[in-house]
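Atom set for the values below is all heavy atoms of this structure, side chains included, hydrogens, waters and symmetry mates excluded. These numbers were taken from a predicted model, which means no experiment stands behind them. Naming: A, B, ... by sequence-line order, numbering from 1 per chain.
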Amino acid sequence: MWIVKHIQQTAIESLNQIFGQTFTEKDFQINQTKPEFDGDYTIVLFSLVKALKLSPDDIGNKLGDHLTQNNPTLFTDYNIIKGFLNLTVADSYWLDLLAKNYNDVCYGKAKLNGQKVMVEYSSPNTNKPLHLGHLRNNFLGWSVAEILKASGYDVIKTCIVNDRGIHICKSMIAWQLFGNGATPQSENKKGDHFVGEYYVKFNDELKKQIHELKDKGINEKEAEKEAPIMKATQQMLLDWEAGKPEVMQLWKTMNSWVYEGFDTTYKKIGSDFNKTYYESNTYLLGKKIVEEGLAKGVFFKEDDNSVWIDLTTDGLDKKIVQRKDGTSVYITQDIGLAQQKYEEYGIDQSIYVIGDEQNYHMKVLKLIAEKLQLPNAQNIYHLSYGMVELPTGKMKSREGTVVDADDIVQEMENVAKNKTEELGKVKDFTAEELETLYTTIGLGALKFFLLRVDPKKKMIFNPEESIDFHGFTGPFVQYTHARIKSILRKEEVTSTKFQVQSLLPLEKKLMIILEQYATVIDKAANEHNPSEIAIYVFEVAKIFNSFYAEHSITNAETPDKKQLRLQLASLTATVLKSGMQLLGIGVPERM
RNA sequence: GGUCUGGUAGCUCAGCUGGAUAGAGCAUCAGCCUUCUAAGCUGAGGGCCAUUGGUUCGAAUCCAAUCCAGAUCACCA
């Protein structure tokens, strides 16, 4: 059992024995004691005053006495300052914990809880390469999945590829018009970038045609509809839906180019999926559900045959779920897919990692699922994240202010390379080892930067500052790990039994935070928030570095102290490695 | 206009299920490598927690209003 819970329960017992009243965990708070006071953990007494009709100091004295007298192996001392009962936890408690866990690579991770969760993330369009926004999505989704695993869930990672629709036809048309049979191979370009260029070409041409039409006196809206390239695109979508062979062939070819490019990027950034859904397979889903919904009275039919749901009593609007021509709209597919996911995997919880611009859509999806009484509809969770913006404002593909995913990764690697060469600590590495190291550090910096912020908040990416490798960054944590490993390569923990009675302040501080790892995983899992892990891991590294600067490990005061510190260093390395792994970041042995 | 987010140091962010003098990192300034990796450590300066009211022993945190910024409200996805 973890310390806070332990204190809580002991305090509840003591309060019961002293005052004959029963309290619960929610009746009083336990915080870590602020550094300026003596003690390790603090019970806030104010909330008990009313029920006990005593002054905070009175309660504190009685509780403090009782706790220390009845739990000598847990508490050694207490003091009361202005209504706060500061408890000192016995050093033997920390030492026992350390001895039991210093060698456990699974330290902090929970056992399977029998719950199955699906995490859908990434969900790219196959008409352009991934950009920085996609990276936030990918890193978030992957990390949340890992955190949930560490917290005891059985996790299935999925991806829905938006591989069809008008936007895909746009790049197809442009390729037909301007491609002259070019291929990624012939142009020596990555497939997704190659296709993305035609998407841009489409928009350029469209703009040109609109301009020409406007000169002829046609208004903007009309011009966009009437532009020949747009008409051709719409025709192509119809042909696609009709399964016209040459269109299907082109579609398959161009998508395969994109997939090849995506594969490279996914492999590089470490995204993986247990199951990939394709919109071209799922876009017709949901029609059966529309029928069922009509029968249940959840949906209603308009005179023109379109099908709707009325969500006005839930504070939302009416929403269409099927067009008058009987075709599915976006939300219909999603309901269909939601059900398919459940049928295929019997999931207890379904998490969607999708940007906050779709908050409304996801709210509607969940509501509809609930009204249709789909299984576990209430456990649909939209992990909504904010947009990534540049200091100059939003990223806009049209204005060329998009930060390309492959570019930024490459840039981070270059910085890692320059920095590493400058420091010259790994001159004996092979070329291959160096490449791996640059990727680990560069990608680590990028992932950490994107994950250290609360997902729901929009974030500003400043290319200049973001490639900093000092302070609250991935490389800082990686460096701390490498430092520890450097010691552990030379020195081993040789005895688990040693005579150390007391801990120095920094040793204890380190032990206290290491003890919190499992609690932090749990919190991060419940809140679907990797930034909890990033902040924690940084804090651990910071405390270790202070400890490292203050106390020598290899030249400790006594052999016993050396053993203790080796154990501490070992557990720290484990927690850093494990925590970083939950963020998808590797930690090097040397750097 | 309706709904939903967010506003904390010069910058980027923690803290938000109410608790002690509001914390980090970057940047600025001053120190620390003949000792385990200086991608490090120690210290200094820097704040009307958007504004105004309310709730209470206590509010950055909860409530209300206002101001500012963003998202969304398609027979697009």
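A salt bridge between A:K324 and A:E302 is absent, with no side-chain N of the basic residue lying under 4.0 Å from a carboxylate O of the acidic one.
The side chain of A:K490 contributes an N or O atom lying less than 4.0 Å from OP1 or OP2 of B:U37. Under 4.0 angstrom from either OP1 or OP2 of B:A14 there lies at least one side-chain N or O belonging to A:K457.
When each of B:U37, B:A14, B:U72 is scored by its nearest atom to the side-chain atoms of A:K425, the top-ranked nucleotide is B:U37. Comparing B:U37, B:A20, B:C41 by their closest approach to the side chain of A:T33 singles out B:A20. When the nucleotides B:U37, B:C75, B:G18 are ranked by their closest atom to the side chain of A:Q29, B:G18 comes out on top. Of the candidates B:G40, B:G6, B:U3, B:U3 carries the atom nearest the A:K363 side chain, counting heavy atoms from C-beta on. Comparing B:A77, B:C75, B:G40 against the side chain of A:Y330 picks out B:A77 as the nearest.
Applying the Watson-Crick and G-U wobble criteria (two distances, each under 3.5 Å), B:G40 pairs with B:C32. Across all strands shown, the partner of B:U5 is B:A69, judged by Watson-Crick or G-U wobble contacts whose two distances both fall under 3.5 Å.
Here A:Y548 does not pack flat against the base of B:G40, since the 5.5 angstrom centre distance and 30 degree tilt limits are not both met. For A:F84 and B:A20, the ring-to-base geometry satisfies the stacking test (centroid distance below 5.5 Å, interplanar angle below 30°). The side-chain ring of A:F46 is not stacked on the base of B:G58, judged by centre separation under 5.5 angstrom and plane angle under 30 degrees.
Aromatic ring orientation, A:W240 versus A:W251: perpendicular (interplanar angle above 60°, classes split at 30° and 60°).
When only modelled atom types and interatomic distance are considered, A:D40 and A:T33 share no side-chain donor-acceptor pair under 3.5 Å.
Separation of the C1' atoms belonging to B:C48 and B:A22 is 13 Å when rounded to the nearest angstrom. Comparing the C1' positions of B:G45 and B:G6 gives an interatomic distance of 30 Å, to the nearest angstrom. Here, B:G15 and B:C62 have their C1' atoms 16 Å apart, quoted to the whole Å. For the C1' atoms, the distance linking B:G10 with B:U28 amounts to 10 Å, nearest Å. Using C1' as the reference atom, B:G1 and B:C63 are 25 Å apart when rounded to the nearest Å. Annotation: B:A9 and B:C26 have their C1' atoms spaced 12 Å apart (nearest Å). Going from the C1' atom of B:G43 to that of B:U55 covers 42 Å, rounded to whole Å. Nucleotides B:G47 and B:C11 place their P atoms 13 Å apart, quoted to the nearest Å.
Annotation: of the two residues near RNA chain B, A:K542 and A:E302, the 5′-most nearest-nucleotide partner is A:K542. In terms of position along RNA chain B, the nucleotide closest to A:I553 lies nearer the 5' end than the nucleotide closest to the other residue of the pair A:S546 and A:I553.
Note on A:I320: a base of the nucleic acid sits closer than 4.0 angstrom, heavy atoms only.
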**Q.** Residues A:S531, A:L451; criterion side chain to side chain contact (heavy atoms under 4.5 Å, CB included); working and verdict
**A.** CA-CA 5 Å; A:S531 76; A:L451 289 175; over 6 Å; no
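No cation-pi contact links A:R452 to A:F538, judged by a cut-off of 6.0 Å to the six-membered ring centre and 45° from its axis.
Atom NZ of A:K561 has more than 12 heavy atoms from other residues, nucleotides or ligands within 6.0 Å.
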